[in-house]
K.L.:
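One structure, pasted below without further comment.
Sequential numbering from 1 along the given sequence is applied to the chain's residues.
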Amino acid sequence: MKNEPLVSYDIIKRAVAEDEIAILYVVQHYARYIATLSMKKFKSSSGADYNRLNEATVQELEAKLMAGILKFRIPKRY
């Protein structure tokens, strides 16, 4: 996430106004970060540790992001 460009103000404004495509764009923008947060450690039958994507966590984080977008209010300019 360090060197990625920010989501543009126009996209954020459209997402807050409930534009479905803009909301999906924001969710897609954060997909790699969500995937990183959704990794879970498992042990194989041989005892080796490995990471696996927890799809339930991905869905939960995407839902929370979408809810946050819809609650977000852009302050009016002076």
Side-chain angles (χ1 to χ4, degrees):
M1 292 291 308
K2 246 183 180 177
N3 295 323
E4 291 186 29
L6 299 174
V7 177
S8 72
Y9 177 75
D10 183 51
I11 296 288
I12 292 170
K13 198 163 94 173
R14 288 178 24 215
V16 169
E18 301 184 20
D19 180 339
E20 186 177 331
I21 293 171
I23 293 170
L24 292 175
Y25 179 89
V26 174
V27 171
Q28 183 62 39
H29 179 81
Y30 288 104
R32 285 180 41 206
Y33 182 61
I34 289 171
T36 301
L37 294 174
S38 302
M39 291 301 221
K40 187 173 180 183
K41 280 193 177 187
F42 288 94
K43 271 201 187 294
S44 67
S45 56
S46 64
D49 289 335
Y50 67 97
N51 290 326
R52 197 168 102 197
L53 189 66
N54 185 334
E55 283 294 329
T57 304
V58 170
Q59 292 174 355
E60 182 180 342
L61 291 173
E62 287 177 347
K64 286 184 178 189
L65 177 57
M66 286 187 251
I69 290 168
L70 297 176
K71 286 182 189 176
F72 188 77
R73 295 294 164 242
I74 298 173
K76 294 187 181 195
R77 296 197 176 227
Y78 303 111

K.L.:
Do I21 and L24 sit in one hydrophobic cluster, given that two such residues count as connected whenever their side-chain heavy atoms are within less than 4.5 Å of each other, even indirectly?
P.N.:
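No.
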K.L.:
Are L6 and I74 connected, step by step, through hydrophobic side chains (Ile, Leu, Val, Met, Phe, Trp, Tyr) whose heavy atoms are closer than 4.5 Å?
P.N.:
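No, it is not one cluster - the side chains of L6 and I74 are not joined through contacts under 4.5 Å.
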K.L.:
Rounded to the nearest 0.5 Å, what separation is found between the NZ atom of K71 and the CE atom of M66?
P.N.:
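The CE atom of M66 is 14.0 Å from NZ of K71, to the nearest 0.5 Å.
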K.L.:
If you compare all heavy atoms of V26 against all heavy atoms of A15, which two are closest, and at what distance to 0.1 Å?
P.N.:
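That closest heavy-atom pairing would be CG2-CB, 4.3 Å.
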K.L.:
How many angstroms lie between NZ in K40 and CD in E55, if you round to the nearest 0.5 Å?
P.N.:
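The CD atom of E55 is 13.5 Å from NZ of K40, to the nearest 0.5 Å.
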K.L.:
Between T57 and L37, is the side-chain contact (heavy atoms from CB on, under 4.5 Å) condition met? List the steps.
P.N.:
CA-CA 8 Å; T57 304; L37 294 174; 5.9 Å; no
K.L.:
Could you grab the distance from atom CD1 of I11 to atom CD1 of I23, nearest 0.5 Å is fine?
P.N.:
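Those atoms lie 11.5 Å apart.
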K.L.:
Checking side-chain contact (heavy atoms from CB on, under 4.5 Å) for the pair M39/L53: CA distance, chi angles, key distance, verdict?
P.N.:
CA-CA 5 Å; M39 291 301 221; L53 189 66; 4.1 Å; yes
K.L.:
Using the test salt bridge (charged side-chain N to carboxylate O under 4.0 Å, His left out), find all partners of K43 that sit at least two apart in sequence or belong to another chain.
P.N.:
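Salt bridge (charged side-chain N to carboxylate O under 4.0 Å, His left out) list for K43, sorted by chain: D49.
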K.L.:
For L65 and V27, which heavy atoms make the closest approach, and how far apart are they?
P.N.:
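So the minimum-distance heavy-atom pair works out to CD2-CA, 3.9 Å.
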K.L.:
About how many Å separate CD1 of I12 and NE2 of H29, when rounded to the nearest 0.5 Å?
P.N.:
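The CD1 atom of I12 is 9.0 Å from NE2 of H29, to the nearest 0.5 Å.
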K.L.:
Supply the atom-to-atom distance R52 CZ to S38 OG, rounded to the nearest 0.5 angstrom.
P.N.:
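The CZ atom of R52 sits 13.0 Å away from the OG atom of S38.
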K.L.:
Kindly assign one of parallel, tilted or perpendicular to the pair Y30 and Y33, based on the angle between their ring planes and the thresholds 30° and 60°.
P.N.:
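Perpendicular, since the angle between the ring planes exceeds 60°.
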K.L.:
Drop me the distance from K41's NZ to N54's CG, to the nearest 0.5 angstrom.
P.N.:
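Here the interatomic distance stands at 15.0 Å.
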K.L.:
Suppose the criterion is side chain to side chain donor-acceptor pair (under 3.5 Å): which pairs have a residue in residues 5-18, not counting sequence neighbours?
P.N.:
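Side chain to side chain donor-acceptor pair (under 3.5 Å) check on residues 5-18 returns R14-D19.
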K.L.:
Hydrophobic clustering (ILVMFWY, side-chain heavy atoms < 4.5 Å, transitive) - are L70 and Y25 grouped together?
P.N.:
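Same cluster.
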